[in-house]
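As structure tokens, the structure follows; a few thoughts come after it.
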Amino acid sequence: QRENRRVAKEEKTHITRQGSVRSTRRNRSALTLLKTFMGMLGPRRKAVIFALCMLTLATLLSLVPPAATKLVIDYAFTGDPLPDVISRWIPSSLELSGHPRRLLVAIGIGLVVVIFIKVIFSLIGRWQATRATKPLSVEIRRQAFRHSIELPLHRVQELRSGGVAS
């Protein structure tokens with residue numbers, strides 16, 4: 001056991017509960033793990049990518065309220081005219097320049113619409129992610145159970161109950 005401790009100190013290893021020496025170096029890179037995960041997804045890959053895109057759009061839309069707060073403080077409360085970059089996007093029929101109250105109402109209505117769209121994108125993304133990954137979770141558990149059945153009994157008995165469950 002002293003030999004194991006000496007090796008563990010010299011070579012970036014650790015000693016397990018059973019007294020064996022294990023290396024702390026990772027055997028697989030993050031890219032390898034990602035490729036393995038994408039391979040495991042199989043026909044659910046498109047649904048997961050779609051879910052990630054929807055959640056990305058929802059996250060980008062969540063950046064709009066702080067920008068709207070800046071517009072309210074800088075232009076609606078002070079009465080200053082909107083910059084040309086912003087006023088080009090607003091139809092001239094709304095006549096918002098020079099009317100701080102109209103600008104405030106327009107920003108408020110715009111925020112409600114953006115937040116509603118954000119919630120829809122978020123719900124769709126989460127639903128798709130759940131729908132795609134739940135069968136994958138069941139399949140991984142099934143594979144782990146099949147593997148654990150094939151382990152030698154003495155190896156299973158060495159594990160603590162929490163180690164077997166996890």
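FYI, the numbering just counts along the sequence from 1.
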- Query: Name the one of I73, V72, L71 that satisfies side-chain contact (heavy atoms from CB on, under 4.5 Å) with T69?
  - Reply: I73
- Message: Listing request: all side-chain hydrogen bond (donor to acceptor under 3.5 Å, both in side chains) pairs with a residue in residues 47-67, at least two apart in sequence or in separate chains.
- Response: none
- Item | Worked verdict on M40 versus T36 for side-chain contact (heavy atoms from CB on, under 4.5 Å) | CA-CA 6 Å; M40 291 173 75; T36 303; 4.3 Å; yes
- Message: I'd like to check I107 versus Y75 (side-chain heavy atoms, cut-off strictly below 4.5 Å). Are they in contact?
- Response: no
- Donor-acceptor contact below 3.5 Å, side chain S122 vs main chain K118: no
- residues 37-63 vs salt bridge (charged side-chain N to carboxylate O under 4.0 Å, His left out), sequence neighbours excluded, gives none
- Gap separating the CG atom of L60 from the CG atom of L55, nearest 0.5 angstrom: 11.0 Å
- Min side-chain heavy-atom separation M38-I49 under 4.5 Å: yes
- Note on the structure: Rounded to the nearest 0.5 angstrom, the CG-CZ distance for L61 and F121 is 6.5 Å
- List, by chain and then residue number, the residues other than F145 in its hydrophobic cluster (Ile/Leu/Val/Met/Phe/Trp/Tyr, side-chain heavy atoms under 4.5 Å); write none if there are no others. I149
- Could you name each residue pair satisfying salt bridge (charged side-chain N to carboxylate O under 4.0 Å, His left out) that touches residues 142-151, not counting sequence neighbours? E139-R142
- Message: Looking at every heavy atom in both A51 and G125, which two are closest together, and how far apart are they?
- Response: CB-O, 3.3 Å
- Query: Got a sec, which pairs hit salt bridge (charged side-chain N to carboxylate O under 4.0 Å, His left out) with one end in residues 56-83, sequence neighbours left out?
  - Reply: K70-D74
- Query: Between F37 and L136, is a side-chain contact (heavy atoms from CB on, under 4.5 Å) present by the stated rule, with each step listed?
  - Reply: CA-CA 10 Å; F37 175 69; L136 178 65; 3.6 Å; yes
- Among residues two or more places apart or on two chains, list those pairs meeting salt bridge (charged side-chain N to carboxylate O under 4.0 Å, His left out) that have a residue in residues 59-68. none
- Task: Over all heavy atoms of both residues, which pair between A76 and P100 is shortest? Give the atoms and the distance, please.
- Result: O-CB, 3.0 Å
